[in-house]
Amino acid sequence: MKSLIPSARTAVGIVGAGPAGLLLSRLLRQSGVDCVVLEARDRAYVEQRQRAGVLEQSTVDVLRACGAGERLDREGLAHDGVELSWNRHRHRIDFPGLTGGKRVWVYAQTEVVKDLIELQLADAAPLLFEAPVGAVTGADTERPTIHYTYAGEQRELECDYVVGCDGYHGVTRQAIPDSELHTSERVYPYSWFGILADVAPSNDELVYAHSPRGFALLSMRSHTVSRLYLQVPNGTDPEAWSDERIWDELDARFAVDGAWKLARGPITQRAVLPLRSSVTEPMRWGRAFLAGDAAHIVPPTGAKGLNLAVADVTVLARAFAKLYADGDASGLDGYSDACLRRVWRAEQFSYFMTTTLHVDPAQSGFDTRLQLSQLDRIAASGHAAAELAENYVGDAL
Ligand SMILES: Cc1cc2nc3c(=O)[nH]c(=O)nc-3n(C[C@H](O)[C@H](O)[C@H](O)COP(=O)(O)OP(=O)(O)OC[C@H]3O[C@@H](n4cnc5c(N)ncnc54)[C@H](O)[C@@H]3O)c2cc1C
């Protein structure tokens, strides 16, 4: 078997094998650009980390075009709408009708990652697990260098360019002087308590519920696995809640007039996720680039995190292809501005969805009436519904 340890030099060094790093590597290899991916965790951990599950059409198009669409087409669930729930009734947002035919897909991030890893390994592309990067140096020189550990040994990877796809807590950002970066951030006064349950989803489409008790989301991973979320106070211990308490609270928040009932089943995973909005800009300095969560975080209410990561690396891969094929660096020079336009749109939409649907512990009765008025407006106005639908399904890439 070919040694997995890469040579000490590559064109593009990629830190992190989440969706951003794996997809970037796949796209670069398809363009004939040499690259290496270094990932801190082991393969099983990366493949099982429960996160996003809604893919925009443009994300699906990119995955299909790079050969990662086969299982997605077989097992992914095409969704033509979502439902909003408030005041004990629901309103459906019809995506194709409001956006000229667009839809989204439900296919878990874990599965996207598994598909991309399988392609990478089948291709014998350099991808090292359990290879934590300690530092990136020389971002402002011709030869930026990644310092990492593998099998107990300190190693160096010299690159033309380094791309930090290493998430919010990654190290690549530290290669850029603080004075060159600006981070805008908002932390929310509530978290999401997410569960996976072995029970068929109680609705064919996602349900976003505003309730006086707080927000709830009904989502799914497949025809047999439900994914559900509850707004909870920051610092909530997920183990302190019994299964019965979780289901009772979900029941109360999804309650509607009529016969609909939430089906219960064994809870197989539970976790609490704090909500944050954050953008670090610019997304490039010297020969270091940031992509995905390394540059920006959205609260998951708008289902944008994974889709933004895919958009960033698609733009970046095209730019590298242009550079290595024609010596044209204009794509790299325009990378940060091009991505930030999409990022800030997604930030605004995610903020809108979050603050419209959650109950801020400090909010007044007046604030609640404004939220309900906004939801009524979406139900009454095709323009308001279309604004939501267009943002949800996302723009073409
Ligand atoms: C707990 C959680 C739940 C989420 N749930 C949702 C959701 O329900 N819906 C939604 O739309 N979005 C959700 N998101 C957001 C979405 O999952 C992310 O936007 C997406 O994972 C971004 O992909 P990425 O590749 O940029 O980063 P990541 O997936 O974070 O990948 C970064 C990778 O870099 C690796 N890494 C970090 N540091 C180093 C280092 N020093 N050396 C080497 N490797 C390193 C990490 O191990 C990781 O594998 C969630 C995020 C989190 C954290």
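Hydrogens, waters and symmetry mates are skipped; everything else that's a heavy atom, side chains included, is used. Counting convention: from 1, in listed order, for ligands and their atoms alike. Positions are given from 1, in the same order as the sequence printed here.
Ring planes of Tyr161 and Tyr324: perpendicular class, angle over 60° (limits at 30 and 60°).
Shown in contact with Gly167 at under 4.0 Å from a heavy atom are these atoms of ligand 1, numbered in order with element: 30 (O), 32 (C). Less than 4.0 angstrom separates some heavy atom of Lys304 from each of these atoms of ligand 1: 11 (O). Heavy-atom proximity to Gly305, at under 4.0 Å, picks out these atoms of ligand 1: 11 (O), 19 (O). Those atoms of ligand 1 that come under 4.0 Å of a heavy atom in Ala303, given as number and element, are 11 (O). For ligand 1, the atoms lying closer than 4.0 Å to a non-hydrogen atom of Gly292 are 26 (O). For ligand 1 and Gly16, the ligand atoms under 4.0 Å from any heavy atom of the residue are 33 (C), 34 (O), 35 (C), 44 (N). Counting atoms of ligand 1 from 1 in the listed order, those under 4.0 Å from a heavy atom of Val171 are 41 (N).
Salt-bridge formation is detected for the pair Glu56/Lys304: a Lys NZ or Arg NE/NH1/NH2 atom is positioned less than 4.0 Å from an Asp or Glu carboxylate oxygen. The pair Glu249-Arg245 fails the salt-bridge criterion, with no side-chain N (NZ, NE, NH1 or NH2) lying under 4.0 Å from an Asp/Glu carboxylate O. Between Arg264 and Asp251, at least one side-chain nitrogen of the basic residue sits less than 4.0 Å from a carboxylate oxygen of the acidic one, meeting the salt-bridge criterion. We find that Glu47 and Arg43 are joined by a salt bridge, their nearest charged nitrogen and carboxylate oxygen being less than 4.0 Å apart. Under 4.0 Å is where a charged nitrogen must lie from a carboxylate oxygen, and between Asp160 and Arg287 no such pair does. Under 4.0 Å is where a charged nitrogen must lie from a carboxylate oxygen, and between Asp333 and Arg284 at least one such pair does. Checked for salt-bridge contact, Arg92 and Glu83 miss the test: no charged N lies under 4.0 Å from a carboxylate O.
Contact annotation for Leu38 and ligand 1: only backbone heavy atoms (N, CA, C, O) come within less than 4.0 Å of the ligand. Contact annotation for Leu306 and ligand 1: only backbone heavy atoms (N, CA, C, O) come within less than 4.0 Å of the ligand.
In this structure, of Gly302, Ala294, Pro19, Ala52, the residue bringing a heavy atom nearest to atom 9 (N) of ligand 1 is Ala52.
Considering only non-hydrogen protein atoms, atom 31 (O) of ligand 1 sits nearest to Gly18 CA, 3.5 Å. The protein heavy atom nearest to atom 17 (O) of ligand 1 is Gln109 OE1, 2.7 Å. Atom 43 (C) of ligand 1 has its closest protein heavy atom at Ala40 N, 3.2 Å. Closest protein heavy atom to atom 37 (C) of ligand 1: Asp166 O, 3.2 Å. Looking at atom 2 (C) of ligand 1, its nearest protein heavy atom turns out to be Leu273 CD1, 3.6 Å. Protein heavy atom at the shortest distance from atom 42 (N) of ligand 1 is Val133 N, 3.0 Å. With respect to atom 18 (C) of ligand 1, the closest heavy atom belonging to the protein is Asp293 OD2, 3.2 Å. Closest protein heavy atom to atom 52 (C) of ligand 1: Arg51 NE, 3.4 Å.
A donor and an acceptor atom, one from each side chain of Tyr107 and Asp115, are located under 3.5 Å apart. Thr280 and Arg173 share a side-chain donor-acceptor pair at under 3.5 Å. His147 and Thr137 share a side-chain donor-acceptor pair at under 3.5 Å. Using modelled atom types, one finds a donor on one side chain and an acceptor on the other under 3.5 Å when comparing Gln363 with Gln371. Ser191 and Asn234 share a side-chain donor-acceptor pair at under 3.5 Å.
Looking at Arg41 next to ligand 1, no N or O pair under 3.5 Å apart turns up. On a distance-only criterion, Glu39 and ligand 1 share at least one N/O pair closer than 3.5 Å. Considering backbone and side-chain atoms alike, Ala131 places every N or O at 3.5 Å or more from each N or O of ligand 1. Here's the thing with Ala20: one of its N/O atoms is less than 3.5 angstrom from an N/O atom of ligand 1.
Residue contact annotation: Arg49 has a non-hydrogen atom under 4.0 Å from ligand 1. Assignment of Tyr229 to the shell around ligand 1 is supported, since a heavy atom sits closer than 4.0 Å.
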Would Trp192 and Phe215 count as a side chain to side chain contact (heavy atoms under 4.5 Å, CB included) here? Give the steps. CA-CA 9 Å; Trp192 275 21; Phe215 169 76; 3.3 Å; yes
